Amino acid sequence: MANTIRLYLTCIRNTLEAAMCLQNFPCQEVERHNKPEVELNTSPGLIMNPVLICRNEAEKCLIETSINSIRISMKVKQADELENILAKKFLRFLSMRAEAFQVLRRKPVQGYDISFLITNYHCEEMHKHKLIDFIVQFMEDIDKEISELKLSVNTRGRLVATEFLKQFI
Amino acid sequence: MILLQSPSRFLLQILHDRLLSQDKGVDIDCQTVEFDDVRYHIQVSMRNPKVLVLSVALPLPPEEAASFDGLPFGAIEAIKAAYGPVVQILDPPKDGFDLTLKINLAKLPSDEEQKNAILLQIASIREVVLGAPLKILLKNLSMKTVGPEAGQPVALVHRPNESFFVVPQADKATVVYPMRFLDSIDIVLATSFLQEFVEARRTAALNNAPACMWSQSPPPELKGAPESALTANAGFVTFVVNPRHVEGKKLDRTVWNLLTFHAYVSYHVKCSEGFMHTRMRRRVDTLIQALDRAKSDAEKLKKMVTGPSFKK
């Protein structure tokens, strides 16, 4: 079970390396506009086939590419009620700071927990392989953070309970 | 500070300051609010520098919790027993408050240790007044007697418009708390905390602590209780208190711990949320640093150079 995370992330990394070939493409419909084509979804000639990578039923990653932008959506594992609210809280926290992250999308795509939108401008500003490193590290960090938050809640609960019950002895 | 302390720091500070600065003439008129809607108002005027007037407001009791003249059952006797001649109850209490006391600093015992003990007791006025009915029930338990309410759940106030229940019996007292929280995140965190209570009790070191159970639906002990009290979104916690837990010196501590159980859990839920926020902010900073590493050096150089632009 622990090994599948490596395979999952390697698969995502390889797909991103293949898919992240973005070039500047001015909008075909409106003059002097330059929009991320993956968001508009108008012309089939500009969009490539979306790739869905599933680790299991609960965790998956959707990568949609177009000529000038790529959209990566993730669904995070949520085993029980506590993990559910921790994940929701944490991802909402991140999404609200999307401005600081530049490549993060403010609202996740329908059916997923968090989404990234990378445009050709980002690729021009940043090294492509470092950008992919960042995305993969982000995914790992989310998983780690949620399990650490859950552990801290359980540890605190145990400590609080022990201190309280010790009072009666 | 993991446990909630019985003496109120606000009152203790003012009492000590007053004792230290008895000759300096400064009027005091302070109000404060503590958790669960308990308000204090303390006044000293320079006309009687040895007299403090302390008014206390208590949380609004729900219908099922009996109260005589706005004070919990047995509160007046408890005050007289705890403070003796130092404190006098003023009737009627000040407007907006449930109890007003006149504290006479001149009547404090001269022995330093006894004086500090009485001041500590005065600062614990909340435990004395709100905990009075619970103390009577638990005192009966320690003497292995039962009052007229044996076997029936007795409703006691611990939060505004909410009560918890005590079922007194000859050999044990069962205390049931319906746990209610407003926020949905609080509910999930509190449920996980309360289940830890049950788990922690099972460890060998805590064998002598009161037995602890948690259930989503009202436990059978609450059969005689009114309907409105039986809804709780974070379940019901049951403690079984034995005479061993309330003998001698342990009685006061047990009363305080049981009285403020809900406040204790709520306090730690909020601390937990605060801690999570701090962690999340730290994680966001780490991720943004990682993103910065991805930026090419040319871009970074462009951003760093902010001098005046050329004019040809």
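Fair warning: this is a prediction, and the values are worked out from it, not measured in the lab. Per chain, numbering begins at 1; letters A, B, ... match sequence-line order.
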What residues of residues 145-161 of chain A sit under 4.5 Å from chain B when only non-hydrogen atoms are counted? A:E145, A:E148, A:L149, A:S152, A:V153, A:N154, A:R156, A:G157, A:R158, A:L159, A:V160, A:A161
Would you please go through residues 183-192 of chain B and name the residues with a non-hydrogen atom below 4.5 Å from one of chain A, in numerical order? B:I185, B:V188, B:L189, B:S192
Can you tell me which portion of B:R253 sits under 4.5 Å from chain A's heavy atoms? Options are side chain, backbone, both or neither. side chain
Count the heavy atoms of every other residue, nucleotide or ligand shown that sit under 6.0 Å from CG of A:L52, and state whether that count exceeds 12. yes
Side chain / backbone / both / neither for A:F168 at chain B, heavy atoms under 4.5 Å: both
If I measure from the heavy atoms of chain B, does A:I135 come under 4.5 Å with its side chain, its backbone, both, or neither? neither
Verify the neighbour count for atom NZ of B:K172: are there more than 12 heavy atoms of other residues, nucleotides or ligands below 6.0 Å? no
Side-chain donor or acceptor of B:R283 paired with backbone N/O of A:D141 under 3.5 Å: no
At a 4.5 Å cut-off on heavy atoms, which part of A:I169 comes close to chain B: side chain, backbone, both, or neither? both
Which residues in residues 14-43 of chain A have any heavy atom closer than 4.5 Å to a heavy atom of chain B? none
Report yes if the side chains of B:V284 and A:F101 come closer than 4.5 Å at any heavy-atom pair, otherwise no. yes
Heavy-atom proximity to chain A below 4.5 Å, by part of B:F197: both
Can you name the nearest heavy-atom pair linking A:E163 to B:L3, along with the distance? O-CD2, 4.1 Å
Closest non-hydrogen atoms of A:L165 and B:A209, given as atom of the first, atom of the second and distance, are O-CB, 3.7 Å
Please list, in residue-number order, every residue in residues 233-247 of chain B that has a heavy atom less than 4.5 Å from any heavy atom of chain A; write 'none' if there are none. B:F239, B:H245
Report yes if some heavy atom in the side chain of B:M276 is under 4.5 Å from a heavy atom in the side chain of A:F90; otherwise report no. no
Ring geometry between A:F164 and B:F261 (parallel below 30°, tilted from 30 to 60°, perpendicular above 60°): tilted
So which part of A:K89 gets closer than 4.5 Å to some heavy atom of chain B, the side chain, the backbone, both or neither? both
Within a 6.0 Å radius of atom CG on B:N207, are there more than 12 heavy atoms belonging to other residues, nucleotides or ligands? yes
With a 4.5 Å cut-off on heavy-atom pairs, point out which of B:N257, B:N208, B:I288 contacts chain A the most. B:N257
